[in-house]
Each structure stands twice: as C-alpha cells, then as structure tokens.
Amino acid sequence: MEKQLQMARKQEIFNQLAEQHRDSIITLRKNRDQVSLQALQDELVAITEQKAAENPASLSPEHISTASTPSSARLSAEWMWSIKSRNHRQIHKTVRSTTSASSR
C-alpha cells in the first residue's frame with residue numbers, strides 16, 4: 001500500500017510540474033520538437049524523483065495499525081481508490097486542456 005501511496009505522490013508532483021511548464025509543453029508540441037519535449041519530460045521526471053525522495057509519502061503508524069483489521073482494510077482500499085481516481089481526473093483534465101490549447 002505504501003508503494004501505491006508513493007506512486008500517487010509522484011504523480012501529484014509530476015502533474016504540478018507539468019502544469020507549471022504548460023506553456024513550454026504546448027509550444028514544443030506545436031513546433032513538433034520531440035527532442036526538446038523529451039528533454040523537458042526527462043527533467044521533470046528527475047525533479048519529481050528528487051522531490052519524492054526528499055519528502056516520501058508514507059503511512060502513519062495509526063494507518064498501519066488500523067489497516068490490519070478487515071473493515072479498515074476496506075476503508076484503506078477505498079481511500080487509495082479515491083486518490084487514484086482524483087489523480088486520474090487530474091491527468092485527463094491536463095491532457096484535455098493541453099490538447100484543446102494546442103489545437104487552436
């Protein structure tokens with residue numbers, strides 16, 4: 001479960017960075033500059049890994065102890081699903097806004 005939490009944290013960091021570099025991404029896509037786009041992506045991934053390592057997402061001892069009971073395990077699964085769904089919606093929102101902006 002901690003791996004899923006860490007992946008959700010990395011996705012959140014990356015999405016924030018992508019939003020900050022949105023104009024650059026749109027420009028690079030319009031110009032079809034795949035090399036620079038890949039370089040920017042690699043840079044954002046490296047920054048994401050660094051930030052995630054500096055502040056790792058983890059479960060508190062309270063979460064770990066309550067996750068051992070069947071009902072709380074179900075609640076923990078629902079909580080992880082809500083994080084995943086929220087990240088999924090954010091990704092689609094970013095992709096839609098980037099796609100619609102680049103098609104103008």
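What's counted below: heavy atoms across the whole structure, side chains too, no hydrogens, waters or symmetry copies.
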Once you round to the nearest 0.5 Å, how far does [atom1] of [X] lie from [atom2] of [Y]?
X     : Y     : atom1 : atom2 : answer
Leu44 : Gln16 : CG    : CD    : 12.0 Å
Thr48 : Gln11 : OG1   : CD    : 8.5 Å
Ile13 : Glu49 : CD1   : CD    : 9.0 Å
Glu12 : Met7  : CD    : CE    : 13.0 Å
Lys10 : Gln6  : NZ    : CD    : 5.5 Å

Closest heavy-atom pair and its distance - Ser36, Leu28: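 Where Ser36 meets Leu28 most closely, the heavy atoms are CB-CD2, 3.6 Å.
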Nearest non-hydrogen partners of Ala18 and Ile25, listed with the distance: O-CD1, 3.7 Å
Residues which pass side-chain contact (heavy atoms from CB on, under 4.5 Å) with Gln38, listed by chain and number, not counting sequence neighbours: Gln41, Asp42
Polar contact flag, side-chain donor to acceptor under 3.5 angstrom, Glu19-Asn15: no
Side-chain heavy atoms of Thr27 within contact of Lys30, under 4.5 Å: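 They are not in contact (no side-chain heavy atoms under 4.5 Å apart), so the answer is no.
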